[in-house]
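Quick note: residue numbers are just sequence positions, from 1.
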Amino acid sequence: MDNQSVNHELLAIYHLLMARYGPQHWWPAQESFEVMAGAILTQSAAWRNVEKAIANLKAAGALSPEALRRLSLSEIAALIHPCGYYNAKALKLKSLASWLGKYYDDNLNNLFIGDTDHLRHQLLSIHGIGEETADSIILYAAHKPVFVIDAYTRRIISHIGLAPASNSYIAYQTLFMNNLPSDAGLFNEYHALLVCLAKDVCRHHPLCQQCCLNGICRFYEMVK
């Protein structure tokens, strides 16, 4: 399939999802650091449990780099207990808070002002931040145009028949970023809509007959 065809199909998917689910208004957060913390807390966790952990941090006045640096790992772990892997995530939050204080004096504007590649390289140097988490921060906190790839996106794109030859993160990301306008708002809504579809119908045991993409989905053609 040539680039123009891929572009048309990706845009068709987006418009079908938007027509079905409407704007998702992601990321649901009041400030940029909340997005950064949430991107770590949501690793291997349901969002409803992340919301509980964030609420605990807010109630304790601990949802800032400075406040997290003052707390012990065990204190942070207790606050974020609802989201699972709380000891590991406490260390990740503490590492992020320490890094922000050391290199940026907690000034997120100075962190986000640089170009996307440099920001991504910096974020990946922090303990506990991998590609998906870094890109979530870049897109949803820094509002820069980078497409976030997760397991939901891989599943949907594979079912439709657009999966790249390589299963790597960068291969899936390149599929979107090379064939769509470089627009943070578009990438934001598109990723959120894919997550919505995956949770609604494109599950491990998909509800294909209820899916708004079944008219263009190769997987549905094989199973119907």
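Contact between Ala62 and Leu71 at its shortest, heavy atoms only, is CB-CD1, 3.6 Å. Between Ala198 and Arg203, the shortest heavy-atom contact is O-CG, 3.5 Å. Leu193 and Gly22 get closest at one heavy-atom pair: CD2-O, 3.4 Å. Closest heavy-atom contact between Leu79 and Asn56: O-ND2, 2.9 Å. Pairing each heavy atom of Pro164 with each of Leu175, the nearest pair is CD-CD2, 4.5 Å. Summarising the geometry of Ala90 relative to Ala77, their closest heavy-atom pair is CB-N, 3.8 Å, with the distance given to 0.1 Å.
Judged purely by atom type and a 3.5 angstrom limit, Asp200 has no side-chain atom pairing as donor or acceptor with the backbone of Cys196. Put simply, the side chain of Glu75 gets close to the backbone of Ser72: a donor and an acceptor are under 3.5 Å apart. Between the side chain of Arg69 and the main chain of Ala97, a donor-acceptor pair closer than 3.5 Å is present. Here the side chain of Asp106 pairs a donor or acceptor atom with the backbone of Gly101 at under 3.5 angstrom. Side-chain atoms of Lys89 never come within 3.5 Å of backbone atoms of Ile80 as a donor-acceptor pair (strictly under, hydrogens ignored). Put simply, the side chain of Arg154 gets close to the backbone of Asn167: a donor and an acceptor are under 3.5 Å apart. Thr42 contributes no side-chain N or O that, together with a main-chain N or O of Gly38, makes up a donor-acceptor pair within less than 3.5 Å. Distance alone, capped at 3.5 Å, places no donor-acceptor pair between the Lys92 side chain and the His127 backbone.
Between atom CG of residue Asn110 and atom CZ of residue Phe112 there is a gap of 11.0 Å, rounded to the nearest 0.5 Å. Going from atom CG of Leu100 over to atom OG of Ser95 covers 11.0 Å, rounded to the nearest 0.5 Å. Note that CG of Leu123 and CE of Met36 are 5.5 Å apart. Values are rounded to the nearest 0.5 Å. Atom OH of Tyr85 sits about 11.0 Å away from atom CD of Gln43, to the nearest 0.5 Å. Put simply, CD1 on Ile13 and NE2 on His8 are 13.0 Å apart, with the number rounded to the nearest 0.5 Å. Expressed to the nearest 0.5 Å, how far CG of Leu11 lies from CG of Asn179 amounts to 9.0 Å.
Linking ILVMFWY side-chain heavy atoms closer than 4.5 Å, directly or via other members, places Leu41 and Val195 in two distinct hydrophobic clusters. A continuous path of ILVMFWY side-chain contacts below 4.5 Å connects Phe33 to Tyr103, so both sit in one hydrophobic cluster. Put simply, Leu96 and Trp27 are part of the same group of oily side chains (I, L, V, M, F, W, Y) that touch within less than 4.5 Å, one to the next. Under the 4.5 Å side-chain heavy-atom criterion for ILVMFWY residues, no single connected hydrophobic cluster contains both Leu73 and Ile129. At a threshold of 4.5 Å between side-chain heavy atoms, the hydrophobic network of Ile, Leu, Val, Met, Phe, Trp and Tyr places Tyr172 and Leu180 in one connected group.
Residue His121 places its NE2 atom among 12 or fewer non-hydrogen atoms of other residues, nucleotides or ligands, all under 6.0 Å distant. Enclosure of atom CG in Asp115 by more than 12 non-hydrogen atoms of other residues, nucleotides or ligands within 6.0 angstrom is indicated.
Between Gln173 and Val146 the shortest side-chain heavy-atom distance falls below 4.5 Å. Residues Arg218 and His159 have side chains not in contact (no heavy-atom distance under 4.5 Å, counting atoms from C-beta outward). Taking 4.5 Å as the limit, every side-chain heavy atom of Val201 sits out of range of all side-chain heavy atoms of Cys208. Looking only at side-chain heavy atoms (C-beta outward), Thr174 and Met177 stay at 4.5 Å or farther from each other. Looking at Asn188 and Val148, their side chains never come closer than 4.5 Å, going by heavy atoms from C-beta outward. Residues Ile149 and Glu131 have side chains not in contact (no heavy-atom distance under 4.5 Å, counting atoms from C-beta outward). Taking the side chain as every heavy atom from C-beta outward, Ile54 and Leu63 approach each other to under 4.5 Å. Residues Cys83 and Lys52 are not in side-chain contact: their nearest non-hydrogen atoms beyond the backbone lie 4.5 Å or more apart.
For the residue pair Gln122 and Ser125, no side-chain donor N or O sits within less than 3.5 Å of a side-chain acceptor on the partner. For the residue pair His191/Asp150, the side-chain donor-acceptor check at 3.5 Å is satisfied.
Salt bridge annotation for Asp135-Lys144: absent, with no cationic side-chain nitrogen under 4.0 angstrom from a carboxylate oxygen.
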Could you go through Arg120 and Leu124, starting from their C-alpha distance and side-chain angles, then the distance that decides it, and tell me whether this counts as side-chain contact (heavy atoms from CB on, under 4.5 Å)?
CA-CA 6 Å; Arg120 194 173 195 266; Leu124 289 172; 3.9 Å; yes
Please determine whether salt bridge (Lys or Arg N to Asp or Glu O under 4.0 Å) holds for the pair Glu34 and Lys58, giving the CA-CA distance in whole Å, both sets of side-chain angles, and the decisive distance to 0.1 Å.
CA-CA 9 Å; Glu34 183 178 338; Lys58 287 182 176 180; 3.3 Å; yes
Does Ile137 form a side-chain contact (heavy atoms from CB on, under 4.5 Å) with Ile40? I'd like the steps, not just the answer.
CA-CA 9 Å; Ile137 291 170; Ile40 289 174; 5.6 Å; no
Before giving the answer on side-chain contact (heavy atoms from CB on, under 4.5 Å), spell out for Val35 and Tyr140 the whole-Å C-alpha distance, their side-chain angles and the decisive distance to 0.1 Å.
CA-CA 7 Å; Val35 175; Tyr140 292 112; 3.7 Å; yes
Stepwise side-chain contact (heavy atoms from CB on, under 4.5 Å) test for Ile160 and Phe219
CA-CA 6 Å; Ile160 289 172; Phe219 181 82; over 6 Å; no
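Considering Tyr21, Phe176, Trp26 as possible partners of Tyr190, the one that fulfils the ring-ring contact (aromatic ring centres under 6.0 Å, His included) test is Phe176.
Aromatic ring pairs are classed by plane angle as parallel below 30°, tilted from 30° to 60° and perpendicular above 60°; the pair Phe147 and Phe187 is perpendicular.
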